[in-house]
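If you're wondering where the values come from, they're calculated on a predicted model, not measured in any experiment.
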Amino acid sequence: MSRSLMIAAAQMGPILRTESRTAVVRRMILLMEKAAARGAELVVFPELALTSFFPRWYLEDQDEIDTFFESRMPSEETLPLFDAAARLGLSFSFGYAEKIRARDGKTRRFNTSVVVSAEGEILLKYRKIHLPGHREAEDWRPFQHLEKRYFEVGNLGFPVTDALGGRIGMCICNDRRWPETFRILGLQKAELVLTGYNTPVHYPPAPAHDHLQDFHNHLSMQAGAYQNGTWVVGVAKAGREEGCDLIGGSCIIAPTGEIAAQCVTLGDEVIVAECDLDRCREIQDNIFNFAEHRQPDQYGLLVETTP
Ligand code: CDT
């Protein structure tokens, strides 16, 4: 018997700085409804799905910065997402800027994503570890990338959970470029990795790479899928957002590294694929059978390297 899960990637087009949470949530619910009509059991939204990608702006006023953050999940404004999921009988995943009051009384801020069940339970939470960009304003850039200013490095590791009939892990945007992200999840036998992204077409430190953004996006995720025998769902915030072009290319990738479904626009768009989680075995039991073939004690990391 196959363990089949119908998964939707819900790509989102640009979100204006002035667009209210309520308006964004309405868009997301529309995407959920489209996904449900096509049989989806899990709908995956992008990184920082509730707002414009605010790290492109240098902001100094903490109150203004905090307008982009959620201090409760669900909040009054995001509860309709949870209600829609219950009504439609599906789980969903999305990214948001998370502000918490830690046990020591300090306020902390993370770039976070969650998986939520149809019953409204948060099944898994991940806080982004590989924060790209810089901390201070760099006026030579046409736009900023201030994730290091607005967020702390995630403190939850790369957790996985057994849910929806499989083993699920997450990463967020820049994390997907780092092979150790997928390998850490792969070592935990993840069968499904969800990742949202906001990737500008223009990379100011190395503009010669601009034409490679779509290629590097798929290269990273397809390699992560294949080398760890996992399904990967990569979901973009796409299109021209506040003057900044973001790549699309949201896709659902099989454990073989093949793209099973891919968005063809730069706007709000749903794609659906039937993902047989048992197909992970084809890779995890054979070519990338870690227990059989992986030799970490010979990698020169754990042993004396003198000849
Ligand atoms: N959001 C995010 O992590 N974006 C980065 C942009 C490139 S680094 C400035 C990414 O890896 O796609």
Side-chain angles (χ1 to χ4, degrees), residues 1-11 31-32 34-45 82 84-94 113-126 157-172 175-176 181-196 218 221-235 250-263 270-294:
M1 194 183 81
S2 72
R3 283 178 303 137
S4 177
L5 188 64
M6 289 292 280
I7 303 180
Q11 178 173 285
L31 290 167
M32 274 181 170
K34 284 185 178 170
R38 292 171 61 184
E41 298 164 275
L42 169 65
V43 183
V44 185
F45 291 101
F82 289 63
R87 170 170 57 84
L88 299 168
L90 46 76
S91 304
F92 65 109
S93 169
F94 68 106
S113 56
V114 285
V115 179
V116 184
S117 72
E119 291 73 38
E121 184 191 353
I122 293 184
L123 300 171
L124 184 65
K125 178 180 280 192
Y126 170 70
F158 286 102
V160 296
T161 191
D162 290 322
L164 312 181
R167 181 162 289 196
I168 305 175
M170 287 188 283
C171 65
I172 301 178
D175 287 318
R176 74 198 188 290
T181 295
F182 286 104
R183 181 47 49 92
I184 292 164
L185 291 165
L187 286 168
Q188 298 174 84
K189 299 220 172 292
E191 296 173 312
L192 176 59
V193 177
L194 314 177
T195 185
H218 285 161
M221 295 193 296
Q222 289 179 260
Y226 170 57
Q227 292 174 342
N228 298 282
T230 180
W231 288 88
V232 172
V233 183
V235 189
S250 302
C251 58
I252 299 173
I253 303 165
T256 53
E258 296 164 287
I259 293 180
Q262 184 176 327
C263 283
V270 171
I271 51 168
V272 178
E274 182 173 358
C275 303
D276 178 358
L277 302 177
D278 278 338
R279 290 206 61 200
C280 299
R281 299 270 73 78
E282 292 169 24
I283 303 293
Q284 291 185 5
D285 289 352
N286 297 304
I287 184 80
F288 291 114
N289 182 327
F290 296 157
E292 282 292 317
H293 310 304
R294 197 169 166 273

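The nearest pair of heavy atoms linking A225 to A254 is CB-O, 3.6 Å. Residue L123 comes nearest to L164 through the heavy atom pair CD1-CD2, 4.4 Å, listed as atom of the first residue, atom of the second, then distance. Considering all non-hydrogen atoms of both residues, A261 and A273 come closest at CB-CB, 4.3 Å. Here the shortest heavy-atom pairing between D276 and D278 reads OD1-N, 2.9 Å. Contact detail for G169 and V160: the closest heavy-atom pair is CA-CG1, 4.2 Å. Contact record, A10 with V43: CB-CG1, 3.7 Å, taken as the closest heavy-atom pair.
To the nearest 0.5 Å, the span separating CD1 on I271 from CD on Q262 amounts to 7.5 Å. Here the straight-line distance linking atom CD of E282 with atom CZ of F288 works out to 14.0 Å at 0.5 Å rounding. Here S250 contributes atom OG and M221 contributes atom CE; the two are 7.5 Å apart, rounded to the nearest 0.5 Å. Note that CZ of F45 and CZ of F92 are 7.5 Å apart. Values are rounded to the nearest 0.5 Å. Here L124 contributes atom CG and S91 contributes atom OG; the two are 12.0 Å apart, rounded to the nearest 0.5 Å. S117 contributes atom OG, which lies 11.0 Å from atom CG of L42 (distance to the nearest 0.5 angstrom).
Under the 4.5 Å side-chain criterion, counting only non-hydrogen atoms from C-beta, R294 is in contact with L187. T181 has its side chain within reach of F158: a pair of non-hydrogen atoms, C-beta onward, lies under 4.5 Å apart. Side-chain contact between V272 and M6: present, with at least one pair of heavy atoms (C-beta onward) separated by less than 4.5 Å. At least one side-chain heavy atom of N228 sits less than 4.5 Å from a side-chain heavy atom of R183. Contact check for L194 versus I168: side-chain heavy atoms found under the 4.5 Å cut-off. R38 is listed as a side-chain neighbour of V270, based on a closest heavy-atom distance under 4.5 Å.
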Checklist entry - Given the rule in the side-chain contact (heavy atoms from CB on, under 4.5 Å) test, do L192 and L5 qualify, once you have shown the distances and angles that lead to the verdict? => result CA-CA 10 Å; L192 176 59; L5 188 64; 4.0 Å; yes
Item to check | CA sep, side-chain torsions, deciding dist, call: E258, I253, side-chain contact (heavy atoms from CB on, under 4.5 Å) | outcome: CA-CA 6 Å; E258 296 164 287; I253 303 165; over 6 Å; no
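E274 CD: 12 or fewer foreign heavy atoms inside a 6.0 Å radius.
Under 3.5 Å, the side chains of E191 and T230 contain no donor-acceptor pair of N or O atoms.
The main-chain N or O of A190 is found under 3.5 Å from a side-chain atom of Q284 such that the two form a donor-acceptor pair. Side-chain atoms of S113 do not come within 3.5 Å of backbone N or O of F94 as any donor-acceptor pair. Side chain of W231 to main chain of R279: no donor-acceptor pair is present (N/O by atom type, distance under 3.5 Å, no hydrogens or angles).
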